[in-house]
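Structure, as structure tokens:
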Amino acid sequence: MHDAMRLPALREIIGALIFGANRPITARELRQCLQEVASEDSEVAVFAEASIKDIEREIRALHDELQLRETGFGIYEVSGGWRLQSNVSCGRWLKNLLKVKPQRLSQPALETMAIIAYRQPISKAEIETIRGVGVSHVIKQLMEVQLVKIVGRSELPGRPFLYGTTSRFLEHFGLKSLQDLEQIGPRVFTRKMQADTGETDQTEDDASSDNQDDVVEETDKSVVSDNEKGQVDESA
Amino acid sequence: MHDAMRLPALREIIGALIFGANRPITARELRQCLQEVASEDSEVAVFAEASIKDIEREIRALHDELQLRETGFGIYEVSGGWRLQSNVSCGRWLKNLLKVKPQRLSQPALETMAIIAYRQPISKAEIETIRGVGVSHVIKQLMEVQLVKIVGRSELPGRPFLYGTTSRFLEHFGLKSLQDLEQIGPRVFTRKMQADTGETDQTEDDASSDNQDDVVEETDKSVVSDNEKGQVDESA
Amino acid sequence: MAQDEYKVDLEVFEGPLDLLLYLIRKDEVDIYDIPIERITNQYMEYLGVMQMLDLNIAGEFIVMAATLMMIKSRMLLPVEDQNPEEEEDEGDDPRWDLVRQLVEYKKYKDIAGQLQEREYYQEHVFGYGGSNAGAKDVEDPGVALHDVNLFDLISAFQEVLKKAPPEELGEIAEDRFTVADQIDTVLKTVRTDGHIRFSQMFGRMASRNEIICTFLAVLELLRLRQISAVQDDHFGDILIQPGNPDEAMELGEGAGSSEEGAVHA
């Protein structure tokens, strides 16, 4: 097998690494790998010079090639890294071959997931205020399947746990990063992007986020200001 | 999102199946899968007509495409079936990647690991008080991969087991001794516990705190990675 | 009641806000101008049915009932008696706190729907070696109603109940039906006929007891995924068909939905 001796092209190395990584891998990780191997072996030292930009260019070239050649799978960005995955249009055959049972979230679990995703870090009590019903059981299950994790503790009395999303959450919903959530519910997200440390800060953003809700006409403004009041009272 | 509705070409289905099969797959198996799905859904009934010859022709076409486009991996015939594998010439990079950045410990496993490391000797009940959820399963898994062991029994009613870290724990987290934990502070773990959205954080964390033992991730995955690794080793 | 023999321990994970949103949508009323009397009456009706069925409902339902009653009585007060010094705005409206809560919740409910779409999409996506982020085994699939919302079912059940012959005093036929028996009957019917309309299931039933037992049997079978329920239109008739217990693991509990014809209230 003299093929092993042949020096591969940068694109091939990157393709092989993304293929073999078994998890989303970042351009940064790819560069680190190239540099590490280069430092061990002068023969391939040239690859240490590849910049993040170079690497990303090759990833895109690979992406385009696979797309174009209709291989049935491609390179996609998921949970902050690149990985190979099958085309969604071929899903039913893979489901048949692998006999997988997809894991689906129930409606209450999805709603709790949505609240945690957009309002993280958030305590159980705050989630329950929004949902109007207990969520202990749902949170426990979301944690068991690693879609939700404890990200800290609140400064409030009793120091309740604060919950947030995991990287598995991103994978499960096929999101590149938390920024992707913005596309789903942009206004809600802005609240989260602004300082979400102080409880009072949230009220302002409520104002903007509520606007997106249908049915709303001119009454909206006063509605919103009242909303702020209510919110403050509650969280205090 | 509506890509799922598009009817793929035979070649794509075959590519996706070989990609996802998780083992060498034969043309016969591919045909069976095509027929099964066709029988369930008349929309894709046309694929039931694909003969072994048709399928083999598409496999060869895929093989040639991947070869030609220098993707770094290709379709090969292994033990009677077809599967994707990385090019031998890229072996050293994969070897580096898979050794240095193996699979992650799951979030619950990491958190439990952190609590045990910093509070040992500690009982299950105490860990559960801190984490707020049951940890029996996670502890069992951490013990299975020898990162955690029973170090004694508490004097409390019921004489519960007390858990502590193993020497393997030190190896895996790159620690000289338990004293090292003091210097690090809970940083290694707490960072992980924060929202892991930042790519840089993730890579660093992976490098510092992860280890080969993937406690809760899919077994499939680790099988595949071992597989890959074995293969790389052989070819190197 | 005979249903005691086979206790359906169906925990209701939807809350009172879900029920209110359901009623608001069903009646196509403006969320910002809820006809409080009408909605309160309907709410109490649903609550009554859930209590009659002995479903495991959360205390929040009762609290909400009290809140609705209070709002209703405050709405009856003459306007002059309500803070005459303040200008007329929504802040004076006793409904406002509730509206705010509903609007806020609805926002996340809508997002949840979109997350669900993504989830279904991801089900069809596999990584190398068949790894699929959505395909991990869950030990506890939880209590899960498929396809239609619990409130859809209760709504349909109410219709049936209204048409049922009135209970006769001193009737002793009650013991003739049990939930366990009805489970067998429903399963047999569904498996033989392929599917059956919910509204027709109770066609020839003579007593309320039989209807209630049958309904509880349906709930239990849905929970066990032996059957599934699909609704063609929002608030349309519900179709009961054989389930597929192996089809999907559903995490969490409460009403979920299926890929096709899923309806959320």
Side-chain angles (χ1 to χ4, degrees), chain A residues 1 3-9 11-17 19-23 26 28-29 32-34 36-37 41 44 62 65-66 69-73 80-81 84 86-94 96-98 120 140 143-144 146 149-152 161 164-168 177-178, chain B residues 3-4 6-9 11-17 19-22 33-34 36-37 41 44 62 65-66 69-73 84 86-94 96-98 100-101 103 106-108 111 131-133 193-197 199-200 202-203 216 221 224-225 228 235-236:
Chain A
M1 290 278 271
D3 194 28
M5 310 313 250
R6 182 180 67 84
L7 216 54
R11 182 174 309 179
E12 287 176 89
I13 302 172
I14 290 170
L17 286 171
F19 165 78
N22 278 337
R23 60 184 167 84
T26 63
R28 206 172 292 271
E29 285 173 292
Q32 202 193 330
C33 176
L34 288 167
E36 277 176 23
V37 175
D41 189 344
V44 293
L62 280 164
E65 284 290 7
L66 290 173
R69 307 301 157 191
E70 306 202 325
T71 54
F73 54 88
L84 284 183
S86 64
N87 290 355
V88 72
S89 59
C90 301
R92 56 184 129 186
W93 288 274
L94 271 164
N96 172 282
L97 184 77
L98 299 168
Q120 59 186 308
K140 208 183 131 214
M143 284 184 70
E144 267 166 23
Q146 299 170 46
K149 65 183 175 184
I150 292 167
V151 292
F161 287 125
T165 53
T166 61
S167 58
R168 200 175 139 70
S177 71
L178 285 176
Chain B
D3 196 27
R6 183 179 65 84
L7 217 55
R11 181 175 307 177
E12 288 177 272
I13 302 171
I14 291 172
L17 286 170
F19 168 79
N22 206 15
C33 176
L34 288 167
E36 274 177 28
V37 176
D41 190 345
V44 294
L62 280 164
E65 285 289 7
L66 290 173
R69 308 301 158 190
E70 306 201 325
T71 54
F73 54 87
L84 282 184
S86 61
N87 292 354
V88 178
S89 60
C90 300
R92 54 184 127 186
W93 288 274
L94 263 170
N96 172 284
L97 182 80
L98 296 172
V100 181
K101 301 193 189 63
Q103 304 235 336
S106 73
Q107 201 54 35
E111 288 169 16
R131 286 210 52 217
V133 291
M193 288 165 81
Q194 285 157 13
D196 44 8
T197 45
E199 299 195 347
T200 33
Q202 235 175 354
T203 32
V216 186
K221 271 194 169 179
V224 169
S225 79
E228 270 311 299
S235 60

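Residue numbers begin at 1 in each chain, while the letters A, B, ... track the order of the sequences.
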When rounded to the nearest 0.5 angstrom, what distance separates CG in N87(B) from CD in E12(A)?
-> 5.5 Å
Heavy-atom closest pair (R69(B) atom, R11(A) atom, distance to 0.1 Å) is O-CD, 4.4 Å
If the plane angle is over 60° it's perpendicular, under 30° parallel, otherwise tilted; pick one for F73(B) and F73(A).
-> tilted
Which pair of non-hydrogen atoms, one from E111(B) and one from I150(A), has the smallest distance, and what is that distance?
-> OE2-O, 3.8 Å
Considering only heavy atoms from C-beta outward, does the side chain of F19(A) approach that of C90(B) to under 4.5 Å?
-> no
Is it the side chain or the backbone of I13(A) that comes within 4.5 Å of chain B heavy atoms, both, or neither?
-> both
Residues forming a side-chain hydrogen bond (donor to acceptor under 3.5 Å, both in side chains) with E70(B), sequence neighbours excluded | none
The interface call for L66(A) against chain B, heavy-atom contacts under 4.5 Å, is side chain
Can you tell me how far the CG atom of L17(A) sits from the CG atom of L94(B), to the nearest 0.5 Å?
-> 5.0 Å
Value for CG (N96(A)) from SG (C33(B)), rounded to nearest 0.5 Å, stands at 4.0 Å
Closest approach of S86(A) to A16(B) (non-hydrogen atoms, all atoms of both residues) = CB-CB, 4.2 Å
